[in-house]
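Computed from heavy atoms alone, side chains included, the values below leave out hydrogens, waters and symmetry copies. Order of appearance sets the numbers: ligands from 1, and atoms from 1 within every ligand.
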Amino acid sequence: MIPAYMRALVKETADKGLTLKQVRTPVPNIGEVLIKIHKTAICGTDVHIYNWDAWSQKTIVPPMTVGHEYVGEIAALGPGVDDYHVGQIVTGEGHIVCGHGRNCRAGNGHWCKFTKGVGVNCDGAFAEYLCIPETNVIAVPETTPEEIVAFYDAYGNACHTATMFDVTGEDVLITGAGPIGMMAVGICRQNGARRIVVTDVNDYRLGIAKQMGASAVVNLKNQTVEDAMKELHIVEGFDVGCEMSGNGAALNQMLKLMRNGGKVALLGIAGPGTVIDWNDVIFKGLTLQGIYGRKMYETWYKMMAMVEAGLDLSPILTHRFHYTEFEDAFAVMNSGQSGKVVLDWTEERA
Ligand code: NAD
Ligand code: ZN
């Protein structure tokens with residue numbers, strides 16, 4: 001029996017914080033699927049929305065349920081949905097795309113001009129139930145722990161970035177050991193990178209990057225990448241770069257450290273007005289590729305295949321809370337002393 005009302009974490013007013021409250025349970029329309037949420041993970045984007053920073057103020061229209069990293073089971077199918085069944089364990093692609101624009105028709109839905117973000121431009125997953133189009137549903141193997149699937153959306157960002165360029169036998173620089181940087185380490189390792197060097201200014205996070213298979217981790221507060229390169233016999237510079245910090249200084253450092261002809265995938269969202277030294281790009285013949293989301297839906301296949309092949313993401317999951325403890329969960333995320341933080345929605349609590 002699906003209740004008419006459910007609990008959800010809502011950005012209620014244009015202000016800091018979130019409110020746990022009763023809202024109407026969505027009803028799946030034609031071509032839609034209703035998912036009973038089991039677990040959700042907190043993304044950096046959710047922290048921005050919680051903190052009500054400049055980006056959120058111009059993007060989010062309250063009142064709105066937030067969240068886009070989740071796993072759950074199908075609770076109901078809207079009319080016309082016949083590829084899935086009630087009870088199936090699923091997650092979902094977080095971008096709802098138009099399906100008929102040039103990029104969508106070319107199989108490049110991740111570049112859709114009319115994309116809508118779940119939990120950003122429409123109601124999200126930090127709730128007991130979520131309704132999404134059938135086309136966004138991703139069925140997952142029941143053998144994968146649900147608390148890992150809960151952050152597959154972020155894993156998809158990591159995978160899309162880290163597989164943008166061939167890393168087999170290559171030396172890779174990853175700037176930023178946030179959850180996505182940590183995952184990128186495991187992906188590059190699995191895909192046969194020679195050396196993987198990771199930079200951050202946070203020892204806790206660099207520790208997890210090391211556990212995920214980094215050859216060297218560099219805390220820029222007291223170490224240099226040049227020293228690590230010497231030790232690892234990286235002579236001409238890095239072949240592939242994954243910028244995953246969103247920090248302009250990190251981006252500039254990466255461009256300096258790339259080998260001539262190197263390739264750089266840019267996931268981190270550098271602030272407006274970030275300046276780079278174009279001489280690095282032009283005279284070194286660098287390739288820069290911006291990354292948004294993940295390929296729809298090719299990245300999802302690669303992600304699940306890599307986990308099946310043995311990629312272990314469990315070191316990245318550092319904190320678990322019940323959804324009623326969301327304030328503690330956001331505090332941990334804001335502290336920087338965390339990997340992924342997962343909320344449980346299955347246990348009934350007052
Ligand atoms: P995060 O903020 O948790 O991690 C960023 C890390 O960079 C932090 O650990 C921080 O200490 C580190 N850092 C700060 N300054 C640095 C410097 N100078 N050098 C090296 N590291 C430095 O973020 P995340 O969730 O792991 O995501 C990574 C980035 O990707 C963020 O910028 C996020 O906004 C962005 N992102 C982009 C997309 C997209 O579609 N393009 C999707 C998801 C996330
Ligand atoms: Zn489109």
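Using a 4.0 Å cut-off between charged side-chain N and carboxylate O, Glu325 and Arg320 make no salt bridge. A salt bridge is absent between Glu170 and Arg194: the closest approach of a Lys/Arg side-chain nitrogen to an acidic carboxylate oxygen does not fall below 4.0 angstrom. In summary, Glu69 and Lys340 engage in a salt bridge, as defined by a charged side-chain N under 4.0 Å from a carboxylate O. Ion pairing of Asp171 with Arg195 is absent here, as no side-chain N (NZ or NE/NH1/NH2) approaches a carboxylate O to less than 4.0 Å. With respect to Asp153 and Arg294, a salt bridge is recorded, a charged nitrogen being found less than 4.0 Å from a carboxylate O. Note on Glu12 versus Lys21: salt bridge recorded, some NZ/NE/NH1/NH2 to OD/OE distance being below 4.0 Å.
Protein heavy atom in closest approach to atom 20 (C) of ligand 1: Thr199 OG1, 3.5 Å. When only non-hydrogen protein atoms are considered, atom 44 (C) of ligand 1 lies nearest to Ile180 CD1, 3.6 Å. Annotation: atom 13 (N) of ligand 1 to nearest protein heavy atom, Ser245 CB, 3.8 Å. Scanning the protein heavy atoms around atom 15 (N) of ligand 1, the nearest turns out to be Asn247 ND2, 3.3 Å. When only non-hydrogen protein atoms are considered, atom 41 (N) of ligand 1 lies nearest to Ile291 O, 2.8 Å. For atom 32 (O) of ligand 1, the nearest non-hydrogen atom of the protein is Ile269 N, 3.3 Å. Scanning the protein heavy atoms around atom 40 (O) of ligand 1, the nearest turns out to be Gly293 N, 2.9 Å. The nearest heavy-atom contact from the protein to atom 35 (C) of ligand 1 is Leu267 O, 3.6 Å.
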Original post:
Step by step, would you call Arg189 with Ser215 a side chain to side chain donor-acceptor pair (under 3.5 Å)?
Top reply: CA-CA 9 Å; Arg189 185 49 75 213; Ser215 318; 3.1 Å; yes
Original post:
For Asp344 and His322, what are the C-alpha separation, side-chain angles and deciding distance, and is it a side chain to side chain donor-acceptor pair (under 3.5 Å)?
Top reply: CA-CA 5 Å; Asp344 177 61; His322 189 259; 4.7 Å; no
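Between the Lys116 side chain and the Val120 main chain, no donor and acceptor come within less than 3.5 Å of each other.
Each of Val23 and Tyr50 belongs to its own hydrophobic cluster when Ile, Leu, Val, Met, Phe, Trp and Tyr are linked at side-chain heavy-atom distances under 4.5 angstrom.
Listed by number with element, the atoms of ligand 1 under 4.0 Å from a non-hydrogen atom of Gly246 are 32 (O). Contact atoms of ligand 1 toward Gly268: 29 (C), 30 (O), 32 (O), 35 (C) (distance under 4.0 Å to a heavy atom of the residue). In summary, the atoms of ligand 1 found under 4.0 Å from a heavy atom of Pro179, numbered by their order in the structure, are 3 (O), 26 (O). For ligand 1, the atoms closer than 4.0 angstrom to any heavy atom of Val201 are 11 (O).
Contacts of Asn157 with ligand 1, taken as heavy-atom pairs under 4.0 Å, involve the side chain alone. With a 4.0 Å cut-off on non-hydrogen atoms, Leu220 touches ligand 1 through its side chain and not its backbone.
Classified by interplanar angle (parallel below 30°, tilted 30° to 60°, perpendicular above 60°), the ring pair Phe326/Phe330 is perpendicular. Ring orientation note: the planes of Tyr323 and Trp345 are close to parallel, at an angle under 30° on the 30°/60° scale.
Taking 2.8 Å as the threshold, Cys98 counts as a candidate ligand of the Zn ion (ligand 2), since one of its N, O or S atoms lies below it.
Evaluated by nearest non-hydrogen atom to atom 1 (P) of ligand 1, the leading choice among His160, Met244, Arg205, Lys340 is Arg205. Here atom 6 (C) of ligand 1 lies nearest to Asp200 when heavy atoms of Asp200, Thr175, Leu251 are compared.
Distance remark: protein heavy atom present below 4.0 angstrom from atom 38 (C) of ligand 1. At a distance under 4.0 Å, no protein heavy atom can be found next to atom 23 (O) of ligand 1.
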